[in-house]
Novice: 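Here it is, the structure in full.
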2 protein chains.
Amino acid sequence: MVYTGLYDFMQLQRQAPDPLYLQIKDGLIAAIRAGDYAPHERLPSERELSEQYAVSRMTVRQALLSLVRDGVIYTRVGKGTFVAAPKIDQQLRTLTGFSQDVQARGGRPSSRVLDARVIGAAPEVAAALRITPQSEVIRLARLRLSDDLPLAVETAYLPFARFPALLTHDFAVESLYAVLEHQYGLALTQAEQVLEAVVADAEEVRLLELTAPAAVMRMQRLTVDSDGEPVEYVLSSYRGDRYKFRFALQAGR
Amino acid sequence: MVYTGLYDFMQLQRQAPDPLYLQIKDGLIAAIRAGDYAPHERLPSERELSEQYAVSRMTVRQALLSLVRDGVIYTRVGKGTFVAAPKIDQQLRTLTGFSQDVQARGGRPSSRVLDARVIGAAPEVAAALRITPQSEVIRLARLRLSDDLPLAVETAYLPFARFPALLTHDFAVESLYAVLEHQYGLALTQAEQVLEAVVADAEEVRLLELTAPAAVMRMQRLTVDSDGEPVEYVLSSYRGDRYKFRFALQAGR
DNA sequence: GCGCTTATATGGTCTATACCGGTCTATACG
DNA sequence: CGTATAGACCGGTATAGACCATATAAGCGC
């Protein structure tokens, strides 16, 4: 036990170096993320990689197998190892509002404010936000566009008591999530969503410039801050033909 | 090469024998299920197992690592390998199919098989399952009902090569996920979904007993096993008026 | 040109061996 | 008696090599 003190010291100084196969794994992840390999592009063969990294083929395989389990790459006998289609999982790391969402898809988000005022909370809204009915809530209704094409109608409700100065912002320009994060220092980490497919009503047809009959995706979202306090309750209607909702499911853990 | 002829013969007679490590894995699963090892009981060491099965230690490790990924066992450096706590953990580690889903909502699931056969994979299906186009896939189309009311049309595609005996089951009665789990020992842990709202086409109107125009939720799901291998590609259409898709979003972690 | 064989590349499986650091225990020492 | 320490055993990492089935392209015979 002579070295206990020194060992602890070194533990604090630096982590034990990762095993080789993890270093290789990280290297490959970095290369893929850097764009050195496009989706479905072939990686060097296991034998080539073992030469490049100067390790045995089994060690390379350990790194590759781990990447396969993570869904980053896939293998085909006799053909090679390939980069998997980009994972949606990544997208879910942060809760995104409309603006980030559209940007992530390569679009240019914009908004038209339809309504922005303080009203008494309807029972349904009060229940969702867990406040007393008829207490004041901010109602922010916007038409959301991607590259100037109408994509969704969105109505957000927030407790007025908590965000009294919120309506001083111009939400035709600013992102609600950005304001909540930077102005109020909120970390939005959890949300509960309900999706439903319905035939668009007259109002939706008009605002989203649809031709009846058309389908819209109605979304209900309750966003909660890191303390578990409800922050916003949002009702949206997305054009069915322009919006696909994609996400990853993961069991357990 | 003395055995080539015999080997070819056996190939024709029955599927290629599982690799050693899978045989060992199955053996251990059977032993655990039979109660030979209680939860948290230590298994023989890797070196002992390699003697018992007369294989190298690396082969034993391959079996054990797969069991760890499936959550059946866990390992502790310096101590040994142990049986994981049963069921409840297990349950949470797997995704749910239609049957479990409806049951969780308090409904009584049932099915009508519309089509069940082996066909050549369409390009889209082959790409999703990451198999070569035109290779054989199982196509299982079912009308899914909850309390005898039509709720969804679901078409699942699975690689035939991996599940050659799958169609011997009656999927009007059995759950596909249950068969995959118990028969093939698969832990379905990851899936990627895409949801879209559309106006129901004539076929959907007829099968789901809708009145046009009506909205349906089209779902696309790629389910992947614990080894990262695509298992099934499912296209579904849910009645918009009877199905709400609810889930929790969580950022970061 | 068309079909067949052959050569070559790939990932998948398996062996045999080695050393590491963590864990536990029996034994020798103070 | 308490405690070091040596050693046995554990899973984790790594090597070097072998053979398999699959996939693809080159070469060959017709």
Side-chain angles (χ1 to χ4, degrees), chain A residues 1-4 6-8 10-11 15-26 28 41-51 53-69 73-84, chain B residues 1-8 10-12 15-26 28 41-51 53-69 73-84 126 130-136 159 161-162 227-229:
Chain A
M1 290 303 106
V2 178
Y3 296 118
T4 303
L6 176 57
Y7 182 71
D8 287 351
M10 290 172 67
Q11 284 281 45
Q15 291 293 34
D18 277 339
L20 280 180
Y21 79 93
L22 283 183
Q23 295 179 35
I24 294 170
K25 178 182 178 182
D26 290 342
L28 290 173
E41 188 178 337
R42 225 200 96 203
L43 294 178
S45 75
E46 297 178 350
R47 289 163 179 89
E48 285 169 3
L49 285 173
S50 78
E51 270 196 35
Y53 284 95
V55 298
S56 79
R57 187 178 155 219
M58 289 303 289
T59 302
V60 169
R61 274 184 66 76
Q62 207 170 347
L64 293 180
L65 284 175
S66 178
L67 287 171
V68 167
R69 286 194 298 274
I73 60 174
Y74 60 92
T75 59
R76 291 301 124 183
V77 178
K79 301 187 76 172
T81 303
F82 305 85
V83 177
Chain B
M1 292 306 106
V2 180
Y3 297 116
T4 305
L6 176 57
Y7 185 71
D8 288 351
M10 290 169 67
Q11 284 279 47
L12 292 176
Q15 284 307 110
D18 278 341
L20 280 179
Y21 77 93
L22 283 184
Q23 295 179 34
I24 294 170
K25 178 182 177 183
D26 289 343
L28 289 172
E41 186 178 339
R42 227 199 92 201
L43 292 179
S45 76
E46 297 178 350
R47 289 163 180 89
E48 285 169 1
L49 286 172
S50 78
E51 272 197 34
Y53 284 95
V55 299
S56 81
R57 189 180 152 215
M58 290 302 289
T59 301
V60 168
R61 273 184 65 76
Q62 206 170 350
L64 293 180
L65 283 175
S66 182
L67 287 171
V68 168
R69 287 197 297 275
I73 61 174
Y74 60 92
T75 59
R76 292 291 169 257
V77 176
K79 303 190 74 174
T81 304
F82 304 85
V83 177
R130 299 203 281 261
I131 56 179
T132 58
Q134 286 307 317
S135 63
E136 291 181 313
R162 191 163 174 199
D227 294 327
E229 194 72 14

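First the proteins, then the strands, lettered A, B, ... as listed; each starts at 1.
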Novice: Using the test side chain to side chain contact (heavy atoms under 4.5 Å, CB included), find all partners of B:Gln134 that sit at least two apart in sequence or belong to another chain.
Specialist: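 Applying side chain to side chain contact (heavy atoms under 4.5 Å, CB included) to B:Gln134 gives none.
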Novice: When rounded to the nearest 0.5 angstrom, what is the spacing between CE in A:Met58 and CE in B:Met58?
Specialist: 4.5 Å
Novice: Please report how far the helix from C:dG1-D:dC30 to C:dG30-D:dC1 bends, comparing the axis fitted to its first five pairs with the axis fitted to its last five, to the nearest 10 degrees.
Specialist: 20°
Novice: List for me each residue that meets side chain to side chain contact (heavy atoms under 4.5 Å, CB included) alongside B:Ser66, sequence neighbours excluded, and say none if there are none.
Specialist: B:Lys25, B:Arg69, B:Asp70, B:Asp227
Novice: Heavy atoms under 4.0 Å is the rule here; annotate nucleotides 9-16 of chain D 5' to 3' with B where the base is hit, S where only the sugar-phosphate is, and - elsewhere.
Specialist: -BBBBBBB
Novice: Can you measure A:Leu49 atom CG to C:dG12 atom P for me and round it to whole angstrom units?
Specialist: 13 Å
Novice: The criterion is side chain to side chain donor-acceptor pair (under 3.5 Å); which residues satisfy it with B:Arg130, sequence neighbours excluded?
Specialist: none
Novice: B:Arg76: which residues meet the salt bridge (charged side-chain N to carboxylate O under 4.0 Å, His left out) condition with it, sequence neighbours left out?
Specialist: none
Novice: Listed by chain and number, what are the side chain to side chain contact (heavy atoms under 4.5 Å, CB included) partners of A:Ser45, not counting sequence neighbours?
Specialist: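 A:Ser45: side chain to side chain contact (heavy atoms under 4.5 Å, CB included) contacts with A:Arg42, A:Arg47, A:Glu48.
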Novice: Under the side chain to side chain contact (heavy atoms under 4.5 Å, CB included) test, which residues partner A:Val68, sequence neighbours left out?
Specialist: A:Ile73, A:Thr75
Novice: Just jot down the ring pair (Phe, Tyr, Trp, His ring centres under 6.0 Å) partners of B:Tyr21, sequence neighbours excluded, or say none.
Specialist: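 Expected list: none.
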